[in-house]
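Each remark here refers to the structure printed beneath this line.
Residue numbers begin at 1 in each chain, while the letters A, B, ... track the order of the sequences. Fair warning: this is a prediction, and the values are worked out from it, not measured in the lab. All heavy atoms count here, side chains included; hydrogens, waters and symmetry mates do not.
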Protein chains: 2
Amino acid sequence: MEKYRALGIKLTPQRLAILNYLKENKSHPAAEDIYKIVSKKFPTMSFATVYNTIEALKIKGCVKELKIDPAKKRYDLDTSPHHHFICTNCNEIIDIFKDFNLELAYQMPKGFELKGSHVEFYGLCSNCID
Amino acid sequence: MEKYRALGIKLTPQRLAILNYLKENKSHPAAEDIYKIVSKKFPTMSFATVYNTIEALKIKGCVKELKIDPAKKRYDLDTSPHHHFICTNCNEIIDIFKDFNLELAYQMPKGFELKGSHVEFYGLCSNCID
DNA sequence: CTATCTGCAAACGTTTTGCATCTGT
DNA sequence: ACAGATGCAAAACGTTTGCAGATAG
């Protein structure tokens, strides 16, 4: 937690609750998921605070925004490079930690600067397969 | 064009213009881009028609919806399997035709059914690199 | 002829914003 | 003390919907 303070992020009780939720929850929640849970503890909390906190974390590079779910942005506290599987039925996202060396496998055209890559696997998760 | 009629899609003048635009334009346009251009020819055309046409094409598998741009859905008339590079500055998307054999490279956990994958490369395009 | 499409406007869900008040450092 | 956060409500944005009238096949 000192890590965040050192980055110049003010640690309000609401923010601590959001951070705790993100740490304990690897389901890559959307803003609404965060709001639903954290507002149980802070009933007056608003969406603005959720978005504001995420924005602050994003700027400091402490949160990644996932583009995998077209309906809403989802967030990942784990900023280490990894990939994702998304269930086309229930939209559950699971992490995939494996390096596919794609930057080596593909040579960009001249004049482009390749910074990274992300693989999205899709299919059915074990809950949806029956 | 007969291809679409055969699929049971009615080819109205608006739809023909949308299809032509998508065919001639490989920039993976969003609904608004389509609307802006096609409504020059059909000034009374509405967004509903753009979305309706895209929906019809999607259902028939003639268009893919890209999740690469978090701000808005973008569409691709090329439904053959391929990947994308997105410029983190201007959001230009370019096609990458190469098979990385990712389905073979990664074994999903038991109980999951892997259907496919998509790689998103990101970085700076040649226009934004200076 | 009729199933389907168009165009308009209103509704929707998510995200952003303005602003007065409050609070962590 | 004060930069920056909160909470509220309104607005913005892309997308979806309902419906009356029009049209492709």
Side-chain angles (χ1 to χ4, degrees), chain A residues 1-21 28-60 62-75 91 93, chain B residues 1-21 28-60 62-75 91 93:
Chain A
M1 285 300 149
E2 287 312 314
K3 160 187 168 190
Y4 299 109
R5 196 169 284 127
L7 287 169
I9 291 177
K10 275 193 191 171
L11 292 182
T12 64
Q14 294 88 336
R15 290 187 164 188
L16 287 170
I18 291 172
L19 281 165
N20 272 330
Y21 176 67
H28 314 79
E32 202 197 338
D33 305 318
I34 300 171
Y35 176 78
K36 263 194 199 142
I37 300 299
V38 178
S39 65
K40 281 183 187 161
K41 208 168 162 188
F42 296 94
T44 66
M45 201 190 58
S46 73
F47 265 98
T49 297
V50 175
Y51 283 111
N52 169 328
T53 301
I54 288 166
E55 183 62 20
L57 293 170
K58 254 186 353 191
I59 286 172
K60 300 295 181 182
C62 298
V63 139
K64 256 200 246 175
E65 191 177 288
L66 304 183
K67 307 186 275 187
I68 279 188
D69 189 338
K72 48 197 163 189
K73 295 174 180 174
R74 295 174 64 163
Y75 303 97
N91 289 326
I93 295 173
Chain B
M1 286 300 150
E2 287 311 315
K3 160 187 168 189
Y4 300 110
R5 197 170 283 127
L7 287 169
I9 292 177
K10 274 194 190 172
L11 292 182
T12 63
Q14 293 90 334
R15 290 187 165 186
L16 287 170
I18 291 172
L19 281 164
N20 273 330
Y21 175 68
H28 313 78
E32 202 196 337
D33 304 318
I34 300 171
Y35 175 78
K36 264 196 199 138
I37 300 300
V38 178
S39 64
K40 281 183 188 161
K41 207 167 163 186
F42 296 92
T44 67
M45 200 191 58
S46 73
F47 265 97
T49 297
V50 175
Y51 283 111
N52 168 330
T53 301
I54 288 167
E55 183 62 20
L57 293 171
K58 256 188 348 194
I59 287 172
K60 300 296 181 183
C62 298
V63 139
K64 256 201 247 176
E65 191 176 290
L66 304 183
K67 306 186 277 187
I68 280 189
D69 189 339
K72 48 198 163 187
K73 294 176 181 173
R74 295 175 61 163
Y75 303 98
N91 289 325
I93 295 173

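Rounding to whole angstrom units, OH of residue Tyr35(B) and C1' of dT6(C) are separated by 13 Å. Rounded to a whole Å, the CZ atom of Phe47(A) is 20 Å from the P atom of dA5(D). Distance CE (Met45(B)) to P (dC8(C)): 10 Å, rounded to an integer number of Å. Regarding Leu7(B), its CG atom lies at a distance of 15 Å from the C1' atom of dG25(D), rounded to whole Å. Rounded to an integer number of Å, the gap from Glu55(B) CD to dT6(C) P is 13 Å. When the P atom of dG4(D) is taken as reference, atom CD1 of Ile59(A) falls 11 Å away, rounded to whole Å. Taking atom CG of residue Leu11(B) and atom P of nucleotide dT6(C), one finds them 10 Å apart after rounding to whole Å.
Note that CG of Leu19(A) is 12.0 Å distant from CD of Gln14(A), once rounded to the nearest 0.5 Å.
A close approach under 4.0 Å does not occur between any side-chain nitrogen or oxygen of Gln14(A) and OP1 or OP2 of dT23(C). Here Lys73(A) reaches the OP1 or OP2 of dT16(C): one of its side-chain N or O atoms lies under 4.0 Å away. An OP1 or OP2 oxygen of dG7(D) is reached within less than 4.0 angstrom by a side-chain nitrogen or oxygen of Thr49(A). Using a 4.0 Å cut-off, some side-chain N or O of Tyr51(B) falls inside it from OP1 or OP2 of dT15(D). OP1 or OP2 of dC8(D) has not a single side-chain nitrogen or oxygen of Ser46(A) nearer than 4.0 Å. Between dT4(C) and Arg15(B), no contact under 4.0 Å exists linking OP1 or OP2 to a side-chain N or O. Between Arg5(A) and dG24(C), a side-chain N or O to OP1/OP2 separation shorter than 4.0 Å is absent.
Which of dT16(D), dG7(D), dC8(C) sits closest to the side chain of Thr44(B) comes down to dC8(C). Checking dG25(D), dT23(C), dG7(D) against the side-chain heavy atoms of Lys10(A) singles out dT23(C) as nearest. Nearest to the side chain of Asn52(B), among dG7(C), dT6(C), dT25(C), sits dT6(C). Taking the side chain of Ala48(A) as heavy atoms from C-beta on, and the options dT15(D), dC8(D), dT25(C), the nearest nucleotide is dC8(D).
No more than 12 heavy atoms of other residues, nucleotides or ligands shown are found within 6.0 angstrom of NZ on Lys36(A). By the 6.0 Å contact criterion, NZ on Lys58(B) is enclosed, its count of non-hydrogen atoms from other residues, nucleotides or ligands being greater than 12.
Position along DNA chain D of the nearest nucleotide to Pro43(A) versus Glu32(B) favours Pro43(A) as the more 5'-ward residue.
Note on Ala30(B): nothing from the nucleic acid sits closer than 4.0 angstrom, heavy atoms only. At a threshold of 4.0 angstrom between heavy atoms, the contacts of Pro13(A) are confined to the sugar-phosphate backbone, with no base atom among them. Backbone-only contact: Ala71(A) has heavy atoms under 4.0 Å from sugar-phosphate atoms and none from a base.
Here the closest non-hydrogen pair linking Ile9(A) and Ala56(A) is CD1-O, 4.0 Å.
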